Amino acid sequence: MDPFDPLPDQLVIARTAEVVAIPRRDPADSFVLHAPLEIVARAGLLPYVAPDARPEARRRIAEIGTRFTAFGPPTEAIAPAEFNTDTAAAAALAAAVEDSDLAAVDRAAHWLGEHAGPQRLRHLLAGTVIPSLAAAGHAPILLWLLPRIAGRGQIPGRLLRPLARELGRNPDWRLRWFDAVEPGADTSAGAMIEALAETPLLGPGASNFIHPTMNRIDTAALAGAHLGPVCGPEREPGDLAARGRAIMRVAAWSMLGEPTTHAPYGWSHALTMSQAVVGIADACPVPERALAVAATYVMGFRASLATAPLLQSYSPLRSSAPRSIADALAAGADDAATAAWHADASDHDMLVTELATRAATHPDAHLVKYTLACFDAAAMDPEAARLYLAAAAKLVGYWSTIDTDQA
């Protein structure tokens, strides 16, 4: 029985978001860092979920608030801030992040969350958050996902507060290679793919966390040499968007072409992080800077995690044994991806429902974010829709074989 059955979806989501909008006093662990993003991603998946699974999907949303509260005490109540304009508030937030003044960060983020709509937040904050590796480089994901949910009155903009606070903890964590590299003139999607395909495979780093992983390649000799030539300003209408789609395709090929070792927390991030930056690039004062950051994320994961050169295609052999979509998704990563790739058009809606349902009822936030990202990527790049559904299916299939009590 759904304990929240009397409440509409919007209220379940909004009540959970109100809890998570109050930052915790102590530095965030992975769950607390992801909590604002997880709410928005789970809310975004909910319309796709099978009716009989909605109670469990709603329970997963409400559970975020319970776990967030249990993490530790909230920050002390903040003194109200007053700003004449949202531009002034955004400038104050950027300055407070730079100074690592967490109280000032929180005051400005609270004001912006109360006064600036989700689309406006993108334009006010994109330039600040896009280069940052603090908060595991995840702040752009909130700016990318928030408008679809907040626009329905479900989530307050104050959900920005916990992520903004984490940005302020490590203001020096940011990408810098493009500050010293002159952008090149090749703005074709094919050149972007080739640049990422030529990523040097450095092998595992000392840590798989986002900051050290990206810091390894944040040099003129690595990211600058490979990505500088293909991250210049737009030369023809639409070429920046085309390069963005190319970056996302490389992320999906990496999920499908690599072993599952890094599927849940490496290759999933390669798409979710790069897609969010591509998605808000038009709000960035220098859009090609956003493109450079998105490409850096994919290059960084490939440099540390990839085991073989990039295969710029995916075409698995169809299984000789007929099997339902549900059975294939339960059989493991490769069977799931193959079944999704070869699914008939008539099975598309069933496949989407099955993927969304399995993700939305699963405890892992990365699976939720990744599944929604694949749906979004398919909409942004219809020619590659099968690629993204197969990538989502691979991660769903991976988790179907994992005992989450032991994971």
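The first residue in the sequence is number 1, and the count goes up from there. Note that the coordinates shown come from a computational prediction; the quantities given were computed from them, not determined experimentally. Values below: all heavy atoms of this structure, side chains included; hydrogens, waters and symmetry mates excluded.
- By the neighbour-count criterion of 12 heavy atoms within 6.0 Å, atom CG of D344 is densely surrounded, having more than that number from other residues, nucleotides or ligands.
- Within the model, atoms OG of S315 and NE2 of H342 stand 6.0 Å from one another, a figure rounded to the nearest 0.5 Å.
- Between I193 and W253, the closest side-chain pair of non-hydrogen atoms falls below 4.5 Å.
- At a threshold of 4.5 Å between non-hydrogen side-chain atoms, the residues R58 and D9 count as touching.
- Remark: the S254 side chain and the R302 side chain contain an N/O donor-acceptor pair separated by less than 3.5 Å.
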Item checked: Trace of the side chain to side chain contact (heavy atoms under 4.5 Å, CB included) decision for N215 with L175 -> CA-CA 7 Å; N215 200 43; L175 293 171; over 6 Å; no
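- Between E258 and T307, the side chains place a donor N or O and an acceptor N or O closer than 3.5 Å (distance only, hydrogens not considered).
- Between M214 and M299 the shortest side-chain heavy-atom distance does not fall below 4.5 Å.
- Taken from OG in S274 to CD1 in I141, the straight-line distance is 9.5 Å, to the nearest 0.5 Å.
- A distance-only check finds no donor-acceptor pair linking the side chain of R25 to the backbone of P23 [under 3.5 Å].
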Margin query: Between R174 and D179, is the side chain to side chain contact (heavy atoms under 4.5 Å, CB included) condition met? List the steps.
Written below: CA-CA 11 Å; R174 54 154 293 182; D179 294 334; 3.0 Å; yes
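- Between R15 and E18 there is no salt bridge, since no side-chain nitrogen of the basic residue lies less than 4.0 Å from a carboxylate oxygen of the acidic one.
- Between R59 and E63 there is a salt bridge, since a side-chain N of the basic residue sits under 4.0 Å from a carboxylate O of the acidic one.
- In this structure, T199 contributes its side chain and L196 its backbone to a donor-acceptor pair below 3.5 Å.
- Among residues at least two apart or in separate chains, ring-ring contact (aromatic ring centres under 6.0 Å, His included) pairs with a member in residues 298-317 are Y314-W341.
- A salt bridge is defined here as a Lys NZ or Arg NE, NH1 or NH2 lying under 4.0 Å from an Asp or Glu carboxylate O, and R176 with D218 fails to meet this definition.
- In this structure, S324 contributes its side chain and D327 its backbone to a donor-acceptor pair below 3.5 Å.
- Residue pairs meeting the ring-ring contact (aromatic ring centres under 6.0 Å, His included) criterion with at least one partner in residues 88-129, sequence neighbours excluded, are F83-W111, W111-H115.
- Salt bridge status for R60 with D364: absent, with no side-chain N to carboxylate O gap under 4.0 Å.
- Between the side chain of T353 and the main chain of A50, no donor-acceptor pair closer than 3.5 Å is present.
- In this structure, T338 and L317 have side chains that are not in contact, with every pair of non-hydrogen atoms separated by 4.5 Å or more.
- A side chain to side chain contact (heavy atoms under 4.5 Å, CB included) with L372 is found for one member of L355, L367, L45 and no other, namely L45.
- Remark: the backbone N or O of A191 is not paired with any side-chain donor or acceptor of R243 at under 3.5 angstrom.
- Remark: the backbone N or O of D239 is paired with a side-chain donor or acceptor of E234 at under 3.5 angstrom.
- Looking only at distances, a side-chain donor or acceptor of D101 sits under 3.5 Å from a matching main-chain atom of A104.
- Here the rule is side chain to side chain contact (heavy atoms under 4.5 Å, CB included) with L143, and of L124, V129, V277, I130 only V129 fits it.
- Of all heavy-atom pairs spanning L159 and L142, the tightest one is O-CD2, 3.9 Å.
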Next item on the list: Would you check, one step at a time, whether the test side chain to side chain contact (heavy atoms under 4.5 Å, CB included) holds for L33 with L163?
Entry: CA-CA 7 Å; L33 175 65; L163 280 170; 3.8 Å; yes
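- With hydrogens and angles disregarded, no donor-acceptor distance shorter than 3.5 Å links the side chain of T371 to the backbone of V368.
- The closest side-chain heavy-atom distance from P171 to D99 is not below 4.5 Å.
- Residue F31 qualifies as enclosed at atom CZ: its count of foreign heavy atoms under 6.0 Å is above 12.
- The closest side-chain heavy-atom distance from C374 to L389 is not below 4.5 Å.
- Atom CG of L227 sits about 6.5 Å away from atom CE of M192, to the nearest 0.5 Å.
- Aromatic rings from H211 and W173 are positioned such that their centres are separated by under 6.0 Å.
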Next item on the list: Dump the intermediate steps for salt bridge (Lys or Arg N to Asp or Glu O under 4.0 Å) on R122 and D282, then the final yes or no.
Entry: CA-CA 9 Å; R122 279 187 185 176; D282 63 342; 5.3 Å; no
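- Of the listed residues (L160, T75, V97), just one forms a side chain to side chain contact (heavy atoms under 4.5 Å, CB included) with R165, and that residue is T75.
- Counting only residues at least two apart or on different chains, the ring-ring contact (aromatic ring centres under 6.0 Å, His included) pairs with a member in residues 343-386 are H34-H366, Y48-F375, Y265-H366, H269-H366, H362-W399.
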Notebook entry, point to check: Should R245 and V278 be marked as a side chain to side chain contact (heavy atoms under 4.5 Å, CB included) after you check the CA-CA gap, both sets of side-chain angles, and the distance that decides it?
Noted result: CA-CA 8 Å; R245 292 191 294 270; V278 167; over 6 Å; no
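- Remark: D376 does not engage K369 in a salt bridge, criterion side-chain N to carboxylate O under 4.0 Å.
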